[in-house]
S.K.: 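Quick one: structure below, then a few questions.
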Amino acid sequence: MRISFGPLPSSAALAVFAHKDVVLTRGAQARDDAGRIARAGQVARFEGDTASILELLAPQGVDASRLLVVGLGAAGKADRGAFERIGGALAAKLLTSGETVLAIDMDGVDDIGVSRAEAAARIAYGALLRSYRFDKYRTKLKDKQKPSLADIVIANAGDSAGKIFERLKATADGVYFTRDLVSEPANVIFPESFVARCREAMAGTGITIEVLGQTEMAKLGMGALLGVAQGSVRQPQLLAMRWDGTGGAQPRPAVFVGKGVTFDTGGISIKPAGGMEDMKWDMGGAGAVAGAMLALAKRKAKAHVIGVCGLVENMPDGNAQRPGDVVTSMSGQTIEVINTDAEGRLVLCDAIWWAQETFNPEIVVDLATLTGAMIISLGHEHAGVFSNDDGLAQQLIEAGAAAGDPLWRLPMGDAYDKLIDSPIADMKNVGPRDGGSITAAQFIKRFVKDGVKWAHLDVAGTVWSAKAAPLWDKGATGYGVRLIDAFVEANLEAK
Ligand code: BES
Ligand code: MN
Ligand code: ZN
């Protein structure tokens, strides 16, 4: 999608605006001879609600193939999120409509909750996010099914719109990268190809990449991560991506650690066949971390951030680990593997320990599609956050709310921790069924060093969507990229 801020092109689809109760902005009034919009609005029950759209096809006397009157809601109210949703709604409506150009007239879009330039940039950002598609393997799409919309031109946006959008475009690029990684099937994205994609996308951005393979990880004693990987013919990889936009001024970085199980069959504790294909996106946490790193580097964030991805494939095999096996993690703590399908925590515990030893971070935040129980508790509207630090939890929740990746906090405590004690090792990798997301978090907490602020985001319900939403189509959502980006901007960047 090409996005520009400039004069209105002719004979495109044209969007103009109306507040609640169809109070027309100047741009809308200019195309409303004979009260056409009010009449059409009545017919279509259009009331000017936020991001609702009234569509007039081939309107007479207007230089446009169709006129879209877009609701702004109550006067003074429309905020950044509202304008992102507006952009998303326009993109969704026109993407395969046959229109190639969307012109948006911001003339008279005032009396809103943000500056007009901010509004215009957010519309562009929302439209970009919503127009992502993953069509590369669909070779027989009819022309009518293919995206037609290629250009969005926003007029009367105010001088700084382009500059604000440039900043947002970096984040959108990160979201697109994450969605590509998450959408790809597991025969295409496996640990080594995940790393290759990151190298390619991050070349020239200033990110430095370090990768450990099986041999290096064995030397470091990562028995937990390697135990998961041993049933697969794919080599595991531990990927670290460093972005330092401070020139060394922040010696202790923030580290984001992603669960990157490129396919989760469950291993010997094999999952049922129905729906197992979903487990290609069991690397959604790692995908979000990689996309966020790309976004931070593209916008030259003034912070020192490291993204670590623990990449493995969890397969059943003659060499796969068995229920009852005891593995020794890099931390020296031993783990009884009761269920080989609780593999994410086994990957994370070594990745997190290595990250702490290697980078001496002040903050560690992990993102993982860790438990089905998370989906039972929060559905698909929030990811869960668990933390040893109230301040960090609050900062993450606020960043998530502002960025459109919402979080909800869940409790932790000693009584939950006890549930993963093992009679044969230091801990077992599963507790009882009840409180399954919390005992998973307790497991990870046992690998967080004293004095490190840590949060665990269980994103099992949010990285993939069965239905379209304002800012994504069904499929990979890119959840986590905007959250990390906003968290870094609000809390880590030198202002
Ligand atoms: N990757 C799954 C969790 C998951 C399930 C994510 C469904 C998204 C959708 C994880 O590795 C897993 O299998 N967890 C088990 C843990 C159980 C064995 C304690 C689960 O949730 O059933
Ligand atoms: Mn599993
Ligand atoms: Zn998993």
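Counting starts at 1 for both ligands and their atoms, following the listed order.
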S.K.: At what distance is the nearest protein heavy atom to atom 2 (C) of ligand 1, and which residue and atom is it?
M.R.: Asp264 OD2, 3.6 Å
S.K.: Could you tell me if the side chain of Thr462 sits less than 4.5 Å from the side chain of Glu381, heavy atoms only?
M.R.: no
S.K.: Got the closest protein heavy atom to atom 7 (C) of ligand 1, with its distance?
M.R.: Met279 CE, 3.7 Å
S.K.: Protein N, O or S atoms less than 2.8 Å from the Zn ion (ligand 3), ignoring waters?
M.R.: Lys259 NZ, Asp264 OD2, Asp282 OD2, Glu343 OE2
S.K.: When you measure from the side chain of Thr246 to the backbone N and O of Gln250, does any donor-acceptor pair fall under 3.5 Å?
M.R.: yes
S.K.: Do Arg242 and His304 have a side chain donor and acceptor closer than 3.5 Å?
M.R.: yes
S.K.: If we ignore hydrogens and angles and just use 3.5 Å, is the side chain of Thr96 paired with the main-chain N or O of Gln145 as donor and acceptor?
M.R.: no
S.K.: Would a 4.5 Å heavy-atom cut-off, applied to side chains only, mark Val364 and Val257 as touching?
M.R.: yes
S.K.: Applying salt bridge (Lys or Arg N to Asp or Glu O under 4.0 Å), run through Asp421 and Lys418 and close with a yes or a no.
M.R.: CA-CA 6 Å; Asp421 285 341; Lys418 269 203 198 75; over 6 Å; no
S.K.: So is there a nitrogen or oxygen of Glu343 less than 3.5 Å from a nitrogen or oxygen in ligand 1?
M.R.: yes
S.K.: Does ligand 1 have an atom under 4.0 Å from some heavy atom of Asn314?
M.R.: no
S.K.: Should you measure from each heavy atom of Trp281, which atoms of ligand 1 turn up under 4.0 Å away?
M.R.: 8 (C), 9 (C)
S.K.: Quick one: does Thr265's side chain have a donor or acceptor within less than 3.5 Å of a partner on Asn314's backbone?
M.R.: yes
S.K.: For Tyr176 and Leu128, work out which heavy atoms get closest and say how close.
M.R.: OH-O, 2.6 Å
S.K.: Nearest to atom 18 (C) of ligand 1, what protein heavy atom do you find, and at what distance?
M.R.: Asn339 ND2, 3.4 Å
S.K.: Starting from atom 15 (C) of ligand 1, locate the nearest protein heavy atom and write down its residue, its atom name and how far away it is, to 0.1 Å.
M.R.: Asp341 O, 4.1 Å
S.K.: Quick check on Asn319: does its CG atom have over 12 non-hydrogen neighbours (other residues, nucleotides or ligands) under 6.0 Å away?
M.R.: yes
S.K.: Which word best sums up how the rings of Tyr137 and Phe134 line up, parallel for under 30°, tilted for 30 to 60°, or perpendicular for over 60°?
M.R.: perpendicular
S.K.: Rounded to the nearest 0.5 Å, how far does CG of Asp366 lie from CZ of Arg345?
M.R.: 12.0 Å
S.K.: With Lys449 as the cation and Trp353 as the aromatic partner, state whether NZ or CZ is under 6.0 Å from the six-membered ring centre and within 45° of the axis.
M.R.: yes
S.K.: Does only the side chain of Leu370 get under 4.0 Å from ligand 1, or the backbone, or both, or neither? Count heavy atoms.
M.R.: backbone
S.K.: Just wondering, more than 12 heavy atoms not from Lys453 lying within 6.0 Å of its NZ?
M.R.: no
S.K.: Among all protein heavy atoms in this structure, tell me which lies nearest to atom 16 (C) of ligand 1, with the distance rounded to 0.1 Å.
M.R.: Arg345 NH2, 4.0 Å
S.K.: Ligand 1 versus Lys271, non-hydrogen atoms closer than 4.0 Å: side chain, backbone, both, neither?
M.R.: side chain
S.K.: May I ask you to list the atoms of ligand 1 that are less than 4.0 angstrom from any heavy atom of Thr371?
M.R.: 3 (C), 21 (O)
S.K.: Which atoms of ligand 1 sit under 4.0 Å from any heavy atom of Val430?
M.R.: 19 (C)
S.K.: Among all protein heavy atoms in this structure, tell me which lies nearest to atom 20 (C) of ligand 1, with the distance rounded to 0.1 Å.
M.R.: Gly372 N, 3.9 Å
S.K.: Using a strict 4.0 Å cut-off to heavy atoms of Thr369, name the atoms of ligand 1 that fall inside it.
M.R.: 1 (N), 2 (C), 3 (C), 6 (C)
S.K.: Just the protein N/O/S atoms under 2.8 Å from the Mn ion (ligand 2), please, no waters.
M.R.: Asp264 OD2, Asp341 O, Asp341 OD1, Glu343 OE1
S.K.: Are any of the heavy atoms in Arg433 under 4.0 Å away from ligand 1?
M.R.: no
S.K.: Does even one non-hydrogen atom of Lys259 get within less than 4.0 Å of ligand 1?
M.R.: yes
S.K.: Distance under 4.0 Å to a non-hydrogen atom of Ala460: what atoms of ligand 1 satisfy this?
M.R.: 6 (C), 8 (C)
S.K.: Side chains of Ser97 and Glu99: is there a donor and an acceptor less than 3.5 Å apart?
M.R.: no
S.K.: Could you list all the salt bridge (Lys or Arg N to Asp or Glu O under 4.0 Å) pairs where at least one residue sits in residues 78-87, not counting sequence neighbours?
M.R.: Arg80-Glu118, Glu84-Arg122, Glu84-Arg482
S.K.: Report yes if the distance between the aromatic ring centroids of Phe263 and Trp281 is under 6.0 Å, otherwise no.
M.R.: no
S.K.: Under the ring-ring contact (aromatic ring centres under 6.0 Å, His included) definition, can you give me all pairs with a residue in residues 394-436, not counting sequence neighbours?
M.R.: His382-Trp408
S.K.: Between Ser148 and Leu95 (side chain of the first, backbone of the second, donor and acceptor by atom type, cut-off under 3.5 Å), is there such a pair?
M.R.: yes
S.K.: Just how far is it from atom CG of Asn388 to atom CD1 of Ile444, taken to the nearest 0.5 Å?
M.R.: 12.0 Å
S.K.: Can you check atom 22 (O) of ligand 1: any protein non-hydrogen atom closer than 4.0 Å?
M.R.: no
S.K.: Check for me whether Trp464 has a heavy atom closer than 4.0 Å to any atom of ligand 1.
M.R.: no
S.K.: So if I count the atoms of ligand 1 from 1 in the order they appear, which ones are less than 4.0 Å from some heavy atom of Ile375?
M.R.: 9 (C)
